[in-house]
Structures are given as C-alpha cells and as structure tokens.
Number of protein chains: 2
Amino acid sequence: MAEPLDPRMFDPVCPSSAMPIQIGDKWTAMIVLCLEGGRRRFNEIRVPLRGITPKVLTQTLRAMERDGLVTRTAYDENPPRVEYELTELGRSLLTLIAAARAWSEHHLPALLEAREAHGPASASSRWSRGTESGSPQGRGPSFR
Amino acid sequence: MAEPLDPRMFDPVCPSSAMPIQIGDKWTAMIVLCLEGGRRRFNEIRVPLRGITPKVLTQTLRAMERDGLVTRTAYDENPPRVEYELTELGRSLLTLIAAARAWSEHHLPALLEAREAHGPASASSRWSRGTESGSPQGRGPSFR
DNA sequence: GATACTGGTTACCTCAAAGATACCGGGATA
DNA sequence: TATCCCGGTATCTTTGAGGTAACCAGTATC
C-alpha cells in the first residue's frame with residue numbers, strides 16, 4: 001500500500017487494447033486494479049492511468065462510489081487530501097477481472113491472429129486503433 | 001439446435017441492463033449465447049435480439065467473423081440461406097460470460113441497492129437508462 | 001403485375017462518452 | 001507578493017457506436 005503505483009502498470013501497447021471485455025466503463029477495471037493494494041489518493045491513481053483527465057477520473061470515481069464499489073474519504077487538511085478505497089463489492093470485481101485476464105492470456109493471441117489473417121487492411125476498425133499512431137487514445141489501454 | 005430461439009431469451013427489463021460487464025460490443029455476448037446451441041440463420045438470431053437492425057447485426061457478425069469467433073456459411077440457394085456458427089474461440093467466451101452472470105447473480109443486487117441509496121435522483125446516469133421509458137435503447141438489454 | 005422472402009447494403013442522423021483546455025479555492029511556502 | 005499544491009469544475013469539441021429508413025437482387029408465388 002505504501003509503494004507508489006507503477007506508471008507502466010497499464011501498457012498502452014498491450015494487446016488487450018483489443019480485448020473484447022470491459023468492466024464498467026472505460027477506466028473502471030483499471031481503477032479497481034489501482035486500488036487493489038489499498039487506499040490511494042486522487043493524483044496517485046492518475047499516474048498509471050496516463051492520459052486520463054481529472055474530469056473523467058472524477059466522474060468515473062463518483063459513479064463507482066455511487067455504485068458502492070469504492071469509498072471516498074476527504075480529510076479536512078491543506079492542501080486537500082482525498083483517499084479512495086475499494087469496498088467489499090468493488091473487491092468482488094477482482095475475480096471477474098482475473099477471469100478476463102485469464103481469457104486474454106489463453107485466447108487473445110488466437111483472436112489477434114484471426115483478425116490479422118482475415119483482413120489485414122480492414123482490421124483497423126472496432127477494437128483496434130484506426131490510425132497506426134501509438135497515441136494513447138482509441139479504446140485506450142486495457143488491463144493486461 | 002432445431003428448437004427455435006426464445007424471443008424472451010433476453011429480458012429487456014432485466015436488471016443486467018445495469019450490469020457493468022461487457023463482452024465485445026453491445027450485442028456480441030448475446031449473439032454468442034444465441035449460437036451456443038448450434039448454428040443459426042441470420043433472421044433466426046434477430047428474434048431474441050429484439051430491436052436489432054439488420055445493419056447492426058451484420059456489422060457485429062462481420063466483426064465476430066473477422067475475429068474468429070464465428071464462421072459464416074452461405075448456401076447458394078434461393079431464397080438465400082446463411083448460417084452462423086461459433087468457433088472454438090467463440091465458444092471459449094462462454095465461460096467468461098458464465099463468470100459475468102455469476103458475478104451478476106451474487107453482487108448485482110448490492111450494486112443496485114447502493115445506487116438507489118446513494119442518489120435516487122442522480123441515479124439516472126451511466127449504466128441505467130436516462131429516461132424512464134421502457135424503450136429498448138440506452139445500453140440495451142444485457143444477458144441475464 | 002404485384003407481392004413476399006432472405007440476407008443484406010447504403011446514406012443519414014443522434015447522442016452520450018470521452019478528451020482538450022482553462023480555471024478555482026485556500027492555505028503553505030519562498 | 002507570488003507561487004505551488006491538491007482535488008477538483010466548467011465549457012467546448014470530437015468521436016464513433018449505434019439507430020432509422022430506404023433500397024437491392026433474384027426467385028417464387030399469388
């Protein structure tokens with residue numbers, strides 16, 4: 001819990017960019033993984049989620065709080081300090097995420113291979129990035 | 001395989017409308033479930049997926065075919081006949097879908113309860129429908 | 001001749017999620 | 001006085017999945 005989050009925790013070049021599995025909205029699963037090791041502060045979570053804007057992080061966390069997946073604790077200090085922590089319910093998503101990762105590990109290569117074999121030119125729709133730029137947009141990095 | 005698909009296979013009022021899990025795009029998981037029992041024809045699949053337009057079904061099936069999840073077999077008959085069947089890879093998604101359903105069964109009530117308790121008025125964003133109409137739009141029916 | 005059937009295709013539109021950018025309050029620190 | 005820090009807000013723009021509606025080929029049937 002004390003250790004800082006690895007900025008490379010989610011690899012933007014990771015093949016699971018193409019993974020056909022999504023938990024919650026775009027960032028939810030990654031946030032759950034960020035909080036797996038214990039409570040984290042707002043800007044702490046932003047680090048591995050490179051590119052997430054504060055607006056989007058706020059609204060995702062608010063939705064997760066509303067759904068009982070995380071708790072938000074604001075300390076009346078200065079500068080302000082807010083900590084987010086997984087609830088039991090949020091923690092229950094970890095097994096599901098693990099299942100998704102397991103599927104990915106076993107079957108994603110086959111999917112990617114099929115995609116490449118089927119239409120090398122037209123394969124640039126849907127889950128893969130349209131352009132060949134490595135910019136962290138598109139569907140964004142998924143959990144690996 | 002011979003039995004027709006149940007039009008009520010996917011309940012539009014099903015609580016998993018709010019389920020935070022998605023496999024592929026909006027319809028992929030439901031199509032996988034439609035094909036679980038064997039090969040099916042285009043218009044056969046449309047029945048339980050009430051409201052899906054041929055355009056969207058076509059593009060979803062094409063994407064699934066490209067990714068090696070289904071095979072498409074067109075018979076040179078008249079009127080035309082086309083059959084879709086799960087591949088081994090597509091079939092491998094069934095365990096993942098089962099995991100998602102299991103999570104739903106165990107934890108979705110708690111999520112819904114938290115959502116209702118937290119902001120009865122503001123609960124109309126994200127995974128729930130914006131309007132209160134029962135129209136089959138929004139995130140659409142998920143698998144139950 | 002008109003209609004139906006199957007499995008689509010095409011053009012157009014809508015709407016919500018997400019991103020870009022800028023700004024804020026208020027105490028601590030220089 | 002000025003700047004930094006933290007945890008956000010406010011506003012605008014983009015984007016792309018998905019929906020609506022119309023049309024198609026080719027045969028068969030009414």
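Contact annotation: A/Arg62 reaches the phosphate of D/dG8 (side-chain N/O to OP1 or OP2, under 4.0 Å).
Using a 4.5 Å heavy-atom cutoff, the side chains of A/Tyr75 and A/Pro80 are not in contact.
The salt bridge (Lys or Arg N to Asp or Glu O under 4.0 Å) search around B/Glu85 returns B/Arg39, not counting sequence neighbours.
A salt bridge between B/Arg46 and B/Glu44 is absent, with no side-chain N of the basic residue lying under 4.0 Å from a carboxylate O of the acidic one. We find that B/Arg115 and B/Glu113 are not joined by a salt bridge, their nearest charged nitrogen and carboxylate oxygen being 4.0 Å or further apart.
With rounding to whole Å, A/Leu57 atom CG is found 17 Å from D/dA10 atom C1'. Distance, B/Arg50 CZ to D/dG19 P: 14 Å, rounded to whole Å. Between the C1' atom of C/dG26 and the OH atom of A/Tyr75 lies a distance of 20 Å, rounded to the nearest Å. The CH2 atom of B/Trp27 sits 12 Å away from the C1' atom of D/dA17 (whole-angstrom rounding).
You'll find a donor-acceptor pair under 3.5 Å spanning the side chain of A/Lys55 and the base of C/dG19, going by distance alone.
Each end of the helix from C/dG1-D/dC30 to C/dA30-D/dT1 gets its own axis, taken as the rotation carrying the C1' atoms of four end pairs onto the next four within a five-pair window, and the two axes meet at 30° to the nearest 10 degrees.
Looking at every heavy atom in both residues, A/Ile23 comes nearest to A/Thr28 through O-CB, 3.4 Å.
When heavy atoms are screened at a 4.0 angstrom cut-off, B/Arg46 is found touching no nucleic acid atom at all. Contact annotation for B/Tyr84: backbone-only contact, meaning every heavy-atom pair under 4.0 Å involves sugar-phosphate atoms and none involves a base.
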Under 3.5 Å, N/O pairs linking protein and nucleotides 3-6 of chain D:
from, atom 1, to, atom 2, distance (Å)
D/dC6, O3', A/Arg41, NH2, 3.3
D/dC6, O3', A/Pro80, O, 3.0

